[in-house]
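One structure is given below, encoded as structure tokens.
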Amino acid sequence: MHRTDSAGLPAAAPAAPAWWRGAAIYQVYVRSFADGNGDGIGDLAGVRAHLPYLAELGVDALWFNPWYASPMADGGYDVADYRRIDPAFGTLAEAEKLIAEALDLGIRTIVDIVPNHVSQAHAWFVQALAAGPGSAARARFWFRDGRGEHGELPPNAWPSQFGGAAWTRVTEPDGTPGQWYLHRFAPEQPDLNWENPQVRQEHEEVLRFWFDRGAAGVRIDSAAEVVKDPALPDFTPDRDPHPYLDRDGVHDIYRSWRRLADSYPQPRALIGEVWLPDPARFARYLRPDELHTAFNFGFLACPWDAERLREAIGTTLAAHAPVGAPATWVLANHDITRTVTRYGRADTAFDFATKRFGIATDLALGTRRARAAALLTLALPGSVYLYQGEELGLPEVEDIPADRIEDPMHHRTGGRDPGRDGCRVPLPWSGSTAPYGFSPTEIEPWLPQPTDWARYSVAAQDQASDSMLTLYRTALHLRRTEPALGDGPMNWLKSDPQVLAFTRGTEFSCLVNLSDTPAPLPADSVVLLTSAPLDEDLLPPDTAVWLRTV
Ligand code: GLC
Ligand code: CA
């Protein structure tokens, strides 16, 4: 059966390349994008008001972090109701308008689905608590009796990703200390039991709900983690298969979602958040009857080092080739230290385990490298993700007062981990002082903005030829008009090992100099775009260039 596209998504012409294979996708963290109603919190009205900005930037789609009703214990990744928009963000009617208005500007919408868990405030969890042990309502989650004489110990030793144990004990309806429930993230995010048919059915209905409203795709949160070993054994490093990561059963779920996505005249795209160290295991999610694409975290975590980047790019392309899926390229998202900060440090790799406050940063160097990385990323084959504020070169904010930090990752590690709020600070749009046009003057945004952010504002960068915003705009427009960019093959050019050099098609090439001396450009080439001025006709260190080769 074919469904009609209620929001008028164009039906795919049979021979047209699928949009998701080469799209530039902009990630909107709604809470921090723009505040339309003046309460200090970003909202859908704010996004709608700035759609022309996004169209001018030149992106093909928007991915919205969860915008559903939520107590915001984890920035909305604790969903209380998928069919309602959080009142702080707006209404369902506004979301429908936003999807339609974006599409009028040629921009598709991707929504975020969080299958691993729901909020404590979700009706199912409220019912599970009330219904008591052994109930059908509890069978949708992982409720277990505790170990120890009085059930006072958690059922197993699984850790939470946010620190501490992955189990919390509940008080039963009669007031006695009771069972424990599993939460691989915060206690406010109880894990769902995907062995339960209702859990599967409900998520497919949620997918239909958003696809019917014109969503062109979904980003699937923690996609490799949803299936657990029902015996809930303790984790030991040599245990194979892993009790809660990348279990084979997960693929059936996504095959079923793929059939659903393909049943639309304009097939919807499935995009996985899949963090797996083994590229071959990663690629299994991208088999032709499963997900369309998945985030490439190996590239994101890679240090600013030519050999390592060359290897990460090669590994990525080799892993994707056998399954026929396009690669994705990502430098930043709402969980990761901002690129200009990360690249300005002695250790330029990203690793959750080593995030700390107070690491020395050379922002000028980091920004120079981030500009070069932008041209590298936008020239690689496949689709690309930009995280709001990346196009402004925003740095990580590292001095948010402790009592304003909301991220559970900070609090559940006893403050050792800085948390992720530093990359979620509200965007500066205009003006010389906070809130920089994010909210009306005098309104304080939900997270404080630095006092020196005027220079990063959209207004300050708009007309400046050397700004990060101008670089991104120019590169995104060229990426659209250069037929060889986006999806397609690439070939490495012979080069100094410290210079990344590759062609796209027969006439376009990209060079990135990661050495500390200027590098020559190929003969007979015309410069299309550089991340920093050339040094005579040499490519300076930490600089990238796009060339027309003739
Ligand atoms: C994903 C999200 C992250 C969230 C977690 C739990 O990793 O990107 O922000 O905290 O899942 O839902
Ligand atoms: Ca608001």
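For ligands, and for the atoms within them, numbers begin at 1 and follow the listed sequence. These numbers were taken from a predicted model, which means no experiment stands behind them.
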For atom 11 (O) of ligand 1, what is the nearest protein heavy atom, given as residue, atom name and distance? Asp221 OD1, 2.8 Å
Atom indices of ligand 1, in the order listed, that fall short of 4.0 Å to a heavy atom of Phe162: 10 (O)
Are Asn65 and Tyr77 linked by a side-chain donor-acceptor pair shorter than 3.5 Å? yes
Of all the heavy atoms in Arg420, does at least one lie under 4.0 Å from an atom in ligand 1? yes
Just checking, any donor-acceptor pair under 3.5 angstrom between side chains of Tyr82 and Glu205? no
According to side chain to side chain donor-acceptor pair (under 3.5 Å), who are the partners of Thr316, at least two apart in sequence or on a separate chain? Asn296
Residues Asp78 and Ser70: side-chain donor-acceptor under 3.5 angstrom: yes
Distance alone, cut at 3.5 Å: any donor-acceptor contact between the side chains of Trp19 and Ser383? no
Please report how many protein N/O/S atoms lie under 3.0 Å from the Ca ion (ligand 2). 5
Criterion side-chain contact (heavy atoms from CB on, under 4.5 Å) against Glu225, the qualifying member of Leu245, Asp191, Val250, Asp246: Leu245
Centroid separation Phe352 to Phe350 less than 6.0 Å: yes
Within reach of ligand 1, part of His117 (heavy-atom separation under 4.0 Å): side chain
Suppose we call two aromatic rings close when their centres sit under 6.0 Å apart. Are His320 and Phe282 close by that rule? yes
Worked check of salt bridge (charged side-chain N to carboxylate O under 4.0 Å, His left out) between Glu398 and Arg342: CA-CA 12 Å; Glu398 299 189 279; Arg342 190 154 54 90; over 6 Å; no
I need the nearest protein heavy-atom contact for atom 7 (O) of ligand 1: residue, atom name and distance, please. Glu273 OE2, 2.9 Å
Answer with side chain, backbone, both or neither: which part of Arg184 has a heavy atom less than 4.0 angstrom from an atom of ligand 1? neither
Is it true that Asn156 and Trp167 share a donor-acceptor pair across their side chains at a distance under 3.5 Å? yes
If we number the atoms of ligand 1 from 1 as shown, the ones under 4.0 Å from a heavy atom of Arg424 are 9 (O)
Quick one: pull up CG in Asp74 and CZ in Phe185 and give me the separation to the nearest 0.5 Å. 8.0 Å
Ligand-side contact atoms (ligand 1) for residue partner Phe185, heavy atom cut-off under 4.0 Å: 5 (C), 6 (C)
Counting non-hydrogen protein atoms only, what is the nearest one to atom 4 (C) of ligand 1? Give residue, atom name and distance. Asp74 OD2, 3.4 Å
Enumerate the atoms of ligand 1 whose separation from the nearest heavy atom of Asp335 is less than 4.0 angstrom. 2 (C), 3 (C), 7 (O), 8 (O), 9 (O)
